[in-house]
Each structure stands twice: as C-alpha cells, then as structure tokens.
Number of protein chains: 2
Amino acid sequence: MPKKKVFELNPNISVDCVVFGFDLEKLNILLIDRGESQFVSNNSLALPGDLIYNNENLHQAAYRVLEELTGLKNIYLEQIGAFGDPNRISKEEDRLWLESIRDNPEARVVTIAYFSLVKMEDYPLKASSFAKKAIWIPVKEIEKLAFDHFEILQAAKIKLKEKIKIHPIGFNLLPEKFTLSQLHKLYESILDKELDKRNFRRKVQKMNLLKRLFEKQEYVPHKPSELYKFNEEKYQELAKNGFNNFGF
Amino acid sequence: MPKKKVFELNPNISVDCVVFGFDLEKLNILLIDRGESQFVSNNSLALPGDLIYNNENLHQAAYRVLEELTGLKNIYLEQIGAFGDPNRISKEEDRLWLESIRDNPEARVVTIAYFSLVKMEDYPLKASSFAKKAIWIPVKEIEKLAFDHFEILQAAKIKLKEKIKIHPIGFNLLPEKFTLSQLHKLYESILDKELDKRNFRRKVQKMNLLKRLFEKQEYVPHKPSELYKFNEEKYQELAKNGFNNFGF
C-alpha cells in the first residue's frame, strides 16, 4: 500500500478559533470578513478557521490558522470541543464559498474549536489568505455567522462563563492598576448579565485576590476611584490548593 | 465533481467512549479486549471506539459505536474533546491491529472522546464486532491502553472531577436509600483521594441535598447506619439558580 504524503491538508478536519477581546467596556470577538467589499458584510463573517495539515496536532493547527488569517499569535488557546453535525457546512452560501477555495468542497468536515480571551490592545490584527479583513466586533452585535460558527460562539460563551466561575480569570485583561468598577464591567461582560455593584464588591473582597494600592486614578473626568492590583502570589497559593468557587 | 456517497465510514474521524462505572466500592472503566485469548490481555485493552459514518453526527456515532462493541445503551454521554496527535495511532502494535481491521489503516485519525458515569449493575455487557470481550476494570489497575487511550482516560478523570465540583452528580450511582458512608466512598473514588470523614459529612449537610429518612440499614454485618435519600426537588431548585460549589 502506498504511504500517504504527510504534508497535506486533511479534507475532513478543521480548526476554528473563538478569540474574545475585552476593551475595558465590552466583550468583543475576532472575526474574519471573507468579502471583497470595503465595508464589513454580515454575510461573509466567520470565525478564523481552516483545514489542518496531516503532520500537525490540533493545537498547532489552531495557532497556525489563527496567525495566518488574522496575524494574532502568542496567545493561550484552549479547546472547546468538536463540532460535527453532518449538515454544518451545507448551507447554500457556505457551499459556494467552499467551492471557491477547497480542493474537495464536498468532504464532510468536523471542526475542533478553540477559545481565548485577550486584551485587545495588545494584539494588532493583520488579515491575509482568504480573510480580507480581520476585525473585532462586539459579541452582542453578532446575530449570524458562516457555517455553524454562531453555535460555536454560543458554546465558547458558556465555556468562558464556566471558567470564570471556577478560576479567577480576567485579571490579565485589565491594566496593571485597575478600579473595582473596571473589574465589575469585565465580569458583567463575560457573565452577560448585570451584577449588583455592592454584592459584587463584597464577593470580590472575599476572593482575597486584590491588593489595595492606596492610590487613586489620575486625570479622569469623574471622581477618581481607588486603584487595585492583582495579587499574583495569593493566586499561585490558591491555585496550588485548588480554587474555591468564584461564582456571582 | 462526483458526489461522495454519504453512508460510508470517514477514514479520518473516530469516536471513543470512556464509561465510568461505580460498584459501591470503587470506580471502574468499561474496556474492550480485542484479543482472542480466554484471559483478559493488557496488551489488547482499549476504549470502545471506531470510525464515524459520514451521515451521523458525533454524538450518534458515539452511541452507536458504544452499543455495537459493548451492548451498552441509553446512557448520557458528554463530550470530553478531540484528541489529534499525529502519532496517536503510530505505535507498532496499534498499527498491526489497524491493518487487520481498517480499509485505510494509514489515514490520520482524530478522535472525539465522550464520557459517562453509570451504575454498573444497571448495564449488562455484550461484546461484539472486533470487541472479543467487554469488561469493567478498576480504574486504578489500568496502566496502559491502546493508542492514546490512556491519555484520554486521564482527561476523562479530570472532567469528572471538575464536574463533581460544580454539580452534585453521582446520586444516581447509589441505591435509592444510601448511607453517608456510601456517598463518601463515591466521592473518594471520583476525586481519587481520601476525604476526611467528618469534614465530608459537614460539607454534605451544607449541600442541603439529602433527605434524612429516619430509617436504618437492615441485615448488614456491622452496626446499621442511617439512611438518606437524594432530595430531587431541592436539586431542581438549585439547578435553576445555578449551582454553588460542591468542592471537597
């Protein structure tokens, strides 16, 4: 039996990346626009994703594809899971697009989805390959995506919520010195619900992960707030003993 | 371009199932033995798994394959994730076996793993297809499995631990009326560590999910213990409001 070449794309397996970005106000998602128009078109928005090569593992493929399409690199990607509805790529408009870029557009494709949460300002975007643009769009504005990508986005949102309930994630999304109000906004964005301010502050204090700096904001157009810092040592200590719940 | 037939096996995508079983003493795992020997051989033990058909979704494939190989059906399977190391099926002994059963044994295979936790006595086993036996083996005795199945087992154990920390799972693994000592053993098996008895009982009371029956065990060769029942209504109520932590 002839050996298969190893450096070829696998027609049946792809990866897709859900990268969330926080801009101190709201949760955004990184999408590619595959259309030629100078304006962003809702009909051509998709998660950055593509087929994997036979010689790379799934993680490697996710990093490669993300960088190829959006320029984003050096982020921590975590697997969400596999999505394999036999009809996931069979919408008319998706088929036409696949026919324009794939050697074997009829092949069944199971996709493995990854997610990440980054501080947007740290990551300049640069679209290439079949991505004509790479853009951040507020998660709340997304109503439709290519293939089953809207469904994958929902699964990623759930994962993110679960994660923040167990691990105190998100501190790397804030400036080094931040206010409780900024932290509050971050949690509200991720949990996608309003959180009572007073309750939130009480729970955050109980977490015991913040260092009060006895400094206040400067040059802000409102009454300056107290500044806090994330307590890294405390975090490591908790991490070693297994986190308790950080549910809100 | 000729259309592909849809009712064919996909050479690149498989499913594997990690079914945990509890026997009131310890955690077991359901494995298939692919060997012809009348004795169980450590070298031929594997998770029940096989390639998917192009017309079924991943969940359907997992249910089908599990039933085909072990006779187990009507259980709740949850996805663990995808495993796709390019070398996951390249061990010499695994290759030989694949060559004996697959049309395209050289194909790269990414597997999607599922897990479940069942009360063993409810599920009679019946091996068929390439499974010569279907057997429960104590998780602690497993040191090696085919392909990357040992790694998948470790991932499943982690999932199970995470799950029991957030949801009070496991009550369906006990008899309707159970003792705190039986519940203690269940948690110890799943969390794979000793739990201080007194601490455990205190935390369990705090969970507020048990109904004390004011009955005692009968016909036991030791001092009979108090019997409890799982409080289903309370569970539903907590589930609606989002569970708190059940960490031990």
Side-chain angles (χ1 to χ4, degrees), chain A residues 1-15 51-62 78-88 99 102-114 148 155 161-163 165-167 191 193 241-248, chain B residues 1-15 51-62 78-88 99 102-114 148 155 161-163 165-167 191 193 241-248:
Chain A
M1 161 165 294
K3 277 235 173 191
K4 270 205 167 184
K5 267 188 303 169
V6 283
F7 292 91
E8 59 188 15
L9 287 170
N10 191 302
N12 299 127
I13 305 157
S14 68
V15 286
L51 297 177
I52 71 171
Y53 280 104
N54 271 332
N55 63 323
E56 64 189 351
N57 69 35
L58 301 171
H59 253 89
Q60 286 166 341
E78 193 169 326
Q79 196 187 105
I80 301 168
F83 294 78
D85 189 305
N87 299 316
R88 57 178 294 276
E99 280 162 23
R102 295 243 165 112
D103 286 343
N104 189 357
E106 300 288 335
R108 162 89 180 266
V109 182
V110 167
T111 199
I112 322 298
Y114 285 81
D148 57 351
K161 284 183 201 175
E162 278 174 7
K163 208 176 156 71
K165 280 185 185 171
I166 303 181
H167 296 276
L191 294 173
K193 63 177 182 188
N241 299 317
F243 287 108
N244 274 307
N245 196 24
F246 296 102
F248 287 98
Chain B
M1 161 163 293
K3 277 236 173 195
K4 269 207 168 183
K5 266 188 304 166
V6 284
F7 291 92
E8 60 187 15
L9 287 170
N10 190 302
N12 298 127
I13 306 157
S14 68
V15 286
L51 298 177
I52 72 171
Y53 281 103
N54 270 331
N55 64 323
E56 63 189 351
N57 68 36
L58 301 171
H59 253 89
Q60 285 166 341
E78 194 169 326
Q79 198 187 104
I80 300 168
F83 295 78
D85 190 305
N87 299 316
R88 58 178 294 276
E99 280 161 22
R102 295 244 164 110
D103 286 342
N104 189 357
E106 299 288 334
R108 163 89 179 266
V109 183
V110 167
T111 199
I112 321 298
Y114 285 81
D148 57 351
K161 284 182 201 175
E162 277 174 6
K163 208 177 156 71
K165 279 183 186 172
I166 303 182
H167 296 276
L191 294 172
K193 65 177 180 187
N241 300 317
F243 287 106
N244 273 307
N245 196 24
F246 295 102
F248 287 98

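By convention in this document, chain letters (A, B, ...) are assigned in the order of the sequence lines, proteins followed by strands, and residues within each chain are numbered from 1.
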Exercise. List the atom of B:Gln79, the atom of A:Gly81, and the distance in Å for their closest heavy-atom pair.
Key: OE1-CA, 3.2 Å

Self-check item: Nearest atoms (heavy-atom pairs only) where A:Pro86 meets B:Asn54
Solution: CB-O, 3.9 Å

Exercise. Applying side chain to side chain contact (heavy atoms under 4.5 Å, CB included) between B:Arg108 and each of A:Asn55, A:Asn12, A:Ile52, report the one that passes.
Key: A:Ile52

Quiz prompt | chain A contacts, top residue of B:Ile80, B:Asn57, B:Asn87, B:Asp85 (heavy-atom pairs, under 4.5 Å) | solution = B:Asn57

Practice problem: Determine, stepwise, if the pair A:Ile112 / B:Ile112 fulfils side chain to side chain contact (heavy atoms under 4.5 Å, CB included). | Solution: CA-CA 9 Å; A:Ile112 322 298; B:Ile112 321 298; 4.1 Å; yes

Practice problem: For B:Val110 and A:Val110, run side chain to side chain contact (heavy atoms under 4.5 Å, CB included): C-alpha distance rounded to whole Å, both residues' side-chain angles, the deciding distance at 0.1 Å, then the answer. | Solution: CA-CA 10 Å; B:Val110 167; A:Val110 167; over 6 Å; no

Exercise. Pick one of side chain, backbone, both or neither for A:Glu56, based on which atoms fall under 4.5 Å of a heavy atom in chain B.
Key: backbone

Quiz item: Who are the side chain to side chain donor-acceptor pair (under 3.5 Å) partners of A:Thr111, not counting sequence neighbours?
Solution: A:Ser14, A:Asp16

